[in-house]
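Sequence lines set the chain letters: A, B, ... in the order given, protein chains first and strands last, and positions in each chain run from 1.
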Amino acid sequence: MAVCIAVIAKENYPLYIRSTPTENELKFHYMVHTSLDVVDEKISAMGKALVDQRELYLGLLYPTEDYKVYGYVTNSKVKFVMVVDSSNTALRDNEIRSMFRKLHNSYTDVMCNPFYNPGDRIQSSPGGPYFLCPYPVQVGPTSCVRSSPGGPYSCVRSSPGEPYSLCPIQSRAFDNMVTSMMIQVC
Amino acid sequence: MSPTQWDLPVELCCRPMAFVTLTGLDVVYNAVHRAVWDAFCANRRADRVPISFKVLPGDHEYPKCRPKRTSYEWYIPKGILKTGWMNKHLNLVPALVVVFYELDWDEPQWKEKQSECATRVEIVRQSLQGRNTKVAVVLIQKKTPLPPGEDVIASERAAALCNACELSGKSLFVLPHTDHLVGYIIRLENAFYEHAQTYYYTEIRRVKSHKEFLNKTTHQLLFVRHQFKIAFFSELKQDTQNALKNYRTAYNLVHELRAHETNILEIKTMAGFINYKICRLCFQHNTPLDAIAQFRKHIDLCKKKIGSAELSFEHAAWMSKQFQAFGDLFDEAIKLGLTAIQTQNPGFYYQQAAYYAQERKQLAKSLCNHEASIMYPNPDPLETQTGVLDFYGQRSWRQGILSFDLSDPEKEKVGVLAIQLKERNVAHSEIIITLLSNAVAQFKKYKCPRMKSHLMVQMGEEYYYAKDYTKALKLLDYVMCDYRSEGWWTLLTSILTTALKCSYLMAQLKDYITYSLELLGRASTLKDDQKSRIEKNLINVLMNESPDPEPDCDIFAVKTAQKLWADRISLAGSNIFTIGVQDFVPFVQCKAKFHAPSFHVDVPVEFDIYLKADCPHPIRFSKLCVSFNNQEYNQFCVIEEASKANEVLENPTQGKMCLVPGKTRKLLFKFVAKTEDVGKKIEITSVDLALGNETGRCVVLNWQGGGGDAASSQEALQAARSFKRRPKLPDNEVHWDSIIIQASTMIISRVPNISVHLRHEPPALTNEMYCLVVTVQSHEKTQIRDVKLTAGLKPGQDANLTQKTHVTLHGTELCDESYPALLTDIPVGDLHPGEQLEKMLYVRCGTVGSRMFLVYVSYLINITAEEKEIVCKCHKDETVTIETVFPFDVAVKFVSTKFEHLERVYADIPFLLMTDLLSASPWALTVVSSELQLAPSMTTVDQLESQVDNVVLQTGESASECFCLRCPSLGNVEGGVATGHYIISWKRTSAMENIPVIRTVITLPHVIVENIPLHVNADLPSFGRVRESLPVKYHLQNKTDFVQDVEISVEPSDAFMFSGLKQIRLRILPGTEQEMLYNFYPLMAGYQQLPSLNINLLRFPNFTNQLLRRFIPTSIFVKPQGRLMDDTSIAAA
């Protein structure tokens, strides 16, 4: 489906960026970065429209010979950028829109994680550090429980004053979400 | 650049215009002809008809017309479009040949001239044999022609000339060589234009007529050719709508051709030409969306038509050209008024053109890497006999061969080789860079700063490949900061890596070091092994050795670079580089933090410098120095290690000069501030960290202010937002993120150890000398010197207060305006420990209200801090708010002698002035004396003596005085008459003897004085007694200058009997007085109404009895009859 998915902070630095590993990663980084020109323009054109009437989906940002770049901006000015292969005609506006919505939900989950500091890069590499959970994990990562689907995670603490452990679950959830959006192509 | 194979031919790109040749003009030697020619071709504006003119000799040979083909049955075309065709119809075959001939209607030798002209026409006709080209004759005449029909000879001779030349009348023109040349010429060329259009119309018909002979199998190429020709002729005819229609048909036909590797280039070339024409016309018709759609379609159709794999770079070159040409068209349209938008502008096409140019380079690199021994084939297969190709897009070694089989594979091989070898010499980078810079210029225009940066990176990289490292570095360095400021570290790292290579290859020391520093830093996304390598190189460079070459560099370039580096080593010279870090993200971070936002001058100023290295291996620095805004302190804040150059690597983990990666190093500095800096800010202006040392090479990292680089502000923000708990660290370590830069501190004076007390009795009274007693007591351990007192109104209050407040030390004299509001630096002397002194201050406040008073005591004391003797200036201040109130209120009123309130007084008639002084002071007041100063208009009736001398008034008590005054007649004075001043001299009862008395002057109100015509006063005793006679005498004074008639009557009263005139009428002379004597005989005791006197003035009806009552008593107290006659009653009787 998508060949590159990126989350860009309000200040325009990347929070998360993943592209199909087979391709030249740098090329997509540049593509996402340059698309911010159009995003900026669209946001400034949007002006001060009422928040609830605002369309978050920005549509096709610009076409290149081989790819199409789509954009989406949250109310807190976090941007999602998705690069799709031009030859992929199966993806129409509606599909892109729903993919963005899923991505937005997933991102909201990340934000709900009390251990995520807004503005930090969302770590995706398997070796990278995970969010620090202040509670010791009882039985592996399962001690982080979600009360309802989409709801925030809560941690079970075995005894007070114990050292903290890493809570890998949240960053993985986002990463898996992105992977699922990218895998359907290949 | 000279035109290459891929550039579109000029004749395709120009705007086709009708071609008309002019013959018979001698533009070199004949001035008249020259003028005619200039009128045709010079300064052609846009509103002139589109014709391209050319002057040719009358016997010019035009291209021969090939014999008409009667049948197409056996004809097999050899290609789509001949290379010469467009040029032929633009510049060689005219639509109209004009023969200019000088001939006037009244020419004497008419016959001869006429036949000469006919000959000339005939010669032209000969050379145009077989063509439909029109011929026209223009007679250049000296005389202005008569209006048509009037000149009989002219019409006759014109008909004859037409006949001789076999011309229609429409093709004969007269050009009088007179003043209005340009006007005639414009009319002429409009006529020429019509002829040309007819010509092109017939040409279109001619080409169309061929169509019916064609068949789909053998004449496919001709379908395209004819369609193209029709479209082109339509363009020459300026019929752009039909031209566009026909080009579109031609475009579709071109793609219907059977494509094969052998003819794909020809098809693409033609498709490119036709596409170009379509897009051009669409832009011309102001339908840019059609142009874009056509171009997209064109690209989609042709993208995959690569053709021969060995020559695939040709496809890339062609694609690149297509995009570039479209970009040019788009740009041209914008210059003519089209508006483009951010997401659809020529930049995208140039960018794509550059992309294909890059691909062409890649393909050429892999396909054309022949051994040097392979020679260019001889004879050159790319040479043709004529030097040009017959048909567009064909191979020179097999022109006109339509077969898909390669008849001669050997020849083919040689041809391909020749093309490949030629491609090798193409300056690809130059092409790419040109395209990229075109795109940059566009994106700059359409608000795409990031796209622009991206393209500039590509340009930089291309310059790097082209080995122009200086330009590469310049571009990369320019855009780096954009990526840095937006925090795109992967992109920044990639750019830095290229920049590092460039600086290595040029042996640019400073750049090399700068890029290394950043690539080792936290913004770099390089792997640790790469960082290790760079760090090793950096240390080598610092030890004055050559670094290892960067990976993936050109071998030859590396060799050159190694030599350059070797030269650098031998070259002694400036080897200290100072690098400001605020614009990048180096691998050492620095934060400076004062321990407190302010320090007392008697304690040492302390601050920490925190350093952290992000490189993979420990690194040793040689010197750290801190600079302040006051440079005197710099000397105290230097750490230096006298180490030899080779020690950089020794004992790396030891000593405070060594930075261990990831560990925060804290360095404490301490110094004693100068006493002059009290009240000033001490600021760290920079921190310099030296790596390496002077004997080798030395890099000084310079942090402005208290540290921080290009990335640290964002990091600090993130850290501040974070609520993550940080894992515990050993006591002497700190978390880097938790350190907040504090680059400045205030030096404040030493805490004073004295007490200041104020003693006074508020509130202050207006204008009094208010006494404020200041008591200063020293609690210092040693003697304090130079104690100074500053006291008075606290500055910064209302400016009016300053003028109305005066302070003095001497209470014995009243202070005036010249005294200041604030007494500064009154020396008080020295104080021994525990000693106390008292100082009295007198404040005079001229207005009521509250004031803030400041008492500020400063002194000097010797202190030892950090084994240094310093003289500290300490001070203590006290402020007090004092309210000022009026000491008393003075009320003044005018009353009549009967103590009745007076609105106004009457001239010359005595009245009373009463003053009432009400004390408002909470403290007892002594009225020392009072004085009435009368205005000249007032006179006193009796002595003006103060009645309230030395009266003491407690709060709320009042002292009154009464003065009898008279005001002489002054006539009518507007606003009343001034009365004078009432002056009260007073002081606090509690005030000391020597305190001066305050004189408060009250201005008395003005009073209205009125003249009356008649004044009546009565002489009567103060009381009467029942049945005792009471004599009453009324004095009537005439106050006017007239004789007054007065009617007087006395009304009887129940309480009295009386004798005297009851009713009388009399006259009183001016200024005289009339007396009326009555004897009243009281009948009843008590307060009794007197018989009322009524006076009626005939001249003054306003003079009423009511007014009269003011002057004379209306009643009297009557005592009862006494049992004993005492002396007084006898006397009264």
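The part of Gln342(B) that comes within reach of chain A is its side chain, from C-beta onward, which places non-hydrogen atoms under 4.5 angstrom from that chain. Only the backbone of Leu61(A) comes within contact range of chain B, judged by heavy atoms closer than 4.5 Å. Only the side chain of Gln352(B) comes within less than 4.5 Å of a heavy atom in chain A; its backbone stays farther off. At a 4.5 Å heavy-atom cutoff, the contact between Tyr356(B) and chain A is made by side-chain atoms alone.
A 6.0 Å sphere centred on CD1 of Ile740(B) holds no more than 12 heavy atoms belonging to other residues, nucleotides or ligands. In Lys77(A), the NZ atom is crowded: over 12 heavy atoms of neighbouring residues, nucleotides or ligands sit closer than 6.0 Å. Counting non-hydrogen atoms of neighbouring residues, nucleotides and ligands closer than 6.0 angstrom, the NZ atom of Lys663(B) reaches no more than 12 such neighbours.
Within residues 493-502 of chain B, the residues having any heavy atom less than 4.5 Å from a heavy atom of chain A are, in residue-number order, Ser494(B), Ile495(B).
The distance from atom OG1 of Thr490(B) to atom NE2 of His33(A), rounded to the nearest 0.5 Å, is 10.0 Å. Here the CG-CZ distance, from Asp40(A) to Arg450(B), works out to 4.5 Å after rounding to the nearest 0.5 Å. Atom CD of residue Glu486(B) and atom CD of residue Glu11(A) lie 10.5 Å apart, to the nearest 0.5 angstrom.
Listed by chain and residue number, Asp93(A) satisfy the side chain to side chain donor-acceptor pair (under 3.5 Å) test with Tyr57(A) (two or more places apart in sequence, or in another chain). Checked against salt bridge (Lys or Arg N to Asp or Glu O under 4.0 Å), Glu25(A) has no partners two or more places apart in sequence or in another chain.
Under the 4.5 Å side-chain criterion, counting only non-hydrogen atoms from C-beta, Trp489(B) is in contact with Arg121(A). Using a 4.5 Å heavy-atom cutoff, the side chains of Glu41(A) and Thr343(B) are not in contact.
In terms of heavy-atom proximity, Pro14(A) sits nearest to Gly487(B) at CD-O, 3.4 Å.
Judged purely by atom type and a 3.5 angstrom limit, Trp488(B) has no side-chain atom pairing as donor or acceptor with the backbone of Tyr30(A). Judged purely by atom type and a 3.5 angstrom limit, Gln351(B) has no side-chain atom pairing as donor or acceptor with the backbone of Thr64(A).
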Using atom types as modelled, flag every donor-acceptor pair under 3.5 Å from a side chain in residues 437-448 of chain B to any protein atom, sequence neighbours excluded.
{"residue": "Ser437(B)", "atom": "OG", "partner": "Ile433(B)", "partner atom": "O", "Å": "3.4"}
{"residue": "Ser437(B)", "atom": "OG", "partner": "Thr434(B)", "partner atom": "O", "Å": "3.0"}
{"residue": "Gln442(B)", "atom": "NE2", "partner": "Asp331(B)", "partner atom": "OD1", "Å": "3.0"}

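Residues Thr34(A) and His454(B) bring no donor and acceptor atom of their side chains to less than 3.5 Å of each other.
Of the residues considered (Gln344(B), Lys303(B), Arg296(B)), Arg296(B) shows the highest number of contacts with chain A, using heavy-atom pairs under 4.5 Å.
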